[in-house]
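In each ligand, atom 1 is the first atom listed, and ligand 1 is the first ligand listed.
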Amino acid sequence: MNKLLQIQDLDKSFAGVHAINHLSFDIYEGEILALIGPNGCGKSTCVNLISGVYIQDSGKIVFDNEHELYRQKIQERARMGVGRTFQSPKPFTNLTVRDSVLTIALLYNKTWKKAEEKTDEMLEFLDLASYAQILSGKLPIEKRKWLDMARVMVTDPKLLMLDECLAGLAPSEMDNSLSIVKRINQRGITILFIEHVISAVMQLCDRIVVMNEGHLLTEGDPKTVMANPDVIRAYLGGDYGYA
Ligand code: ADP
Ligand code: MG
């Protein structure tokens with residue numbers, strides 16, 4: 001299997017906080033990989049380093065076998081196919097849902113026509129078509145998440161990183177959300193999925209990487225990883241225990 005992303009011996013500190021500590025793992029093309037670990041263990045920092053929000057202190061990030069990600073801006077990385085959503089989406093509240101997606105699509109597609117086609121297709125795909133003409137700021141929370149997703153999807157990501165995209169959803173919205181993530185993956189998009197709800201992780205993911213205190217605790221297939229005593233200990237067997 002081809003490695004879409006390789007993280008090698010990555011390090012990042014913030015004023016004395018060693019957020020990422022000699023972290024290494026790979027993401028394979030086509031998979032849904034869950035990145036899990038206790039609060040504050042460095043998951044979001046990892047996504048921020050891959051997407052270019054932060055620059056690593058040392059270590060390597062290699063994308064698609066040829067691009068070493070180091071000082072490229074977020075937009076440059078997005079053009080290569082590195083996409084991500086944010087834990088708290090911030091839509092352009094004064095634009096309609098359609099214009100909010102189209103604004104991004106225009107930056108990443110050669111013609112206006114192509115950008116419009118992609119926008120409309122994505123609004124349809126993410127069940128936002130009936131909201132197209134309302135103001136983004138007026139969308140309910142769940143729909144805001146899909147708007148954020150639509151804005152990444154029109155950039156044609158190869159790797160899509162979802163940082164707690166299910167947080168704040170009602171349990172009744174969970175199944176539909178998981179099925180959307182699955183359908184995105186079925187379009188050939190590799191997914192890095194950060195999530196606290198372990199049942200969602202178990203349903204969705206091909207592999208799990210577990211972080212603890214900035215480094216890799218273990219990785220592997222979901223059943224083996226969740227049966228690992230070190231993983232259970234890292235989560236203190238609390239809410240995260242998987243039966
Ligand atoms: P997680 O997403 O796993 O909950 P984070 O990556 O957000 O963890 O945080 C890892 C550690 O790095 C935490 O101790 C956090 O406080 C710290 N951290 C993250 N971003 C910053 C920042 N911009 N400035 C200072 N400390 C940060
Ligand atoms: Mg986080």
Can you list the atoms of ligand 1 that are under 4.0 Å from a heavy atom of [X]?
X     : answer
Tyr54 : 20 (N), 22 (C), 23 (N)
Gly40 : 1 (P), 3 (O), 4 (O), 8 (O), 10 (C), 11 (C), 13 (C)
Asn39 : 4 (O)
Ala19 : 11 (C), 12 (O)

Any non-hydrogen atom of Gly42 lying under 4.0 Å from ligand 1? yes

Do other residues, nucleotides or ligands put more than 12 heavy atoms under 6.0 Å from the CD atom of Glu213? no

Any nitrogen or oxygen of Cys41 lying under 3.5 Å from a nitrogen or oxygen in ligand 1? Just yes or no. yes

Backbone or side-chain N or O of Phe14 under 3.5 Å from ligand 1 N or O: no

Distance-only donor-acceptor check, side chains Asp9 and Ser24, under 3.5 Å: no

Less than 3.5 Å apart, any donor N or O on the side chain of Thr45 or Asn48 sitting next to an acceptor on the other? no

N, O or S of Ser44 under 2.8 Å from the Mg ion (ligand 2): yes

[X] and [Y]: same hydrophobic cluster, using ILVMFWY side-chain contacts below 4.5 Å?
X      : Y      : value
Leu35  : Leu178 : no
Phe25  : Ile36  : no
Ile191 : Leu69  : no

Spacing of CG belonging to Asp206 relative to CG belonging to Leu33, to within rounding of 0.5 Å: 8.5 Å

Name the option, out of Leu49, Asn212, Thr45, Asn48, that contains the heavy atom nearest to atom 6 (O) of ligand 1. Thr45

